[in-house]
Amino acid sequence: MLFLGVYAAPILEPGIDTGWRQFCASANIVIWAVLGAEYVVRLTLARDRHRSARTHWFDLVVLLLPILRPLRALRLVVALKILNRLTEMLTRGRLAVYVAARTVTATIHRRPWRGAWSHSR
């Protein structure tokens with residue numbers, strides 16, 4: 001529960017005091033260090049370390065995720081690429097609608113509409 005508090009506080013309250021922000025960051029590091037030490041102790045005390053590592057792989061992934069945070073910047077690059085493609089598609093769609101609407105209005109102004117049921121005499 002302490003982890004959730006120190007992790008969520010700076011996110012939920014962006015204007016948090018610098019001292020509290022540093023406290024949360026420090027507490028977060030201490031918590032991860034304790035969890036890492038606990039994983040290493042469990043692995044060291046296990047009779048079959050390879051089996052223990054295979055059966056507790058998720059614990060290792062959870063511990064490594066904060067270390068791999070710089071890789072999250074790659075998600076930003078991917079998101080920007082997707083946003084660029086989306087913007088390009090929307091622009092093309094708007095251009096197509098504009099061209100179609102302009103074509104229809106130009107056609108209507110050149111040939112006045114007489115109605116669907118009018119007969120020419």
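Nothing here was measured: the structure is a model prediction, and the numbers come from that model.
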Determine whether [X] and [Y] fall in the same hydrophobic cluster, where Ile, Leu, Val, Met, Phe, Trp and Tyr are linked whenever their side-chain heavy atoms lie under 4.5 Å apart.
| X | Y | answer |
| --- | --- | --- |
| Met89 | Val97 | no |
| Val99 | Leu90 | no |
| Val41 | Leu60 | no |
| Trp57 | Trp32 | yes |

Set of salt bridge (Lys or Arg N to Asp or Glu O under 4.0 Å) partners for Glu38, sequence neighbours left out: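 Residues passing salt bridge (Lys or Arg N to Asp or Glu O under 4.0 Å) with Glu38: Arg42.
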Could you give the distance from OH (Tyr39) to CG (Leu64), rounded to the nearest 0.5 Å?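 Going from OH on Tyr39 over to CG on Leu64, the span is 8.5 Å.
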Distance-only criterion, 3.5 Å: show the donor-acceptor pairs between side-chain atoms of residues 43-54 and protein atoms not counting sequence neighbours.
from, atom 1, to, atom 2, distance (Å)
Thr44, OG1, Val40, O, 2.7
Arg49, NE, Leu43, O, 3.4
Arg49, NH2, Thr44, O, 3.2

Provide the full list of salt bridge (Lys or Arg N to Asp or Glu O under 4.0 Å) pairs with a residue in residues 8-34, sequence neighbours left out, each pair given once.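 Qualifying pairs: none.
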Going by side chain to side chain donor-acceptor pair (under 3.5 Å), name the residues that satisfy it together with Arg94, two or more places apart in sequence or in a different chain.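 Per chain and number, Arg94 pairs via side chain to side chain donor-acceptor pair (under 3.5 Å) with no residue.
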In the hydrophobic clustering that connects Ile, Leu, Val, Met, Phe, Trp and Tyr at side-chain heavy-atom distances below 4.5 Å, which members other than Ile29 occupy its cluster, ordered by chain and number?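 Answer for Ile29: none, a lone residue.
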Name all residues meeting the side chain to side chain contact (heavy atoms under 4.5 Å, CB included) criterion together with Thr87; count only those two or more places apart in sequence or in a different chain, and write none if there are none.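 Here the qualifying residues are Leu83, Thr91.
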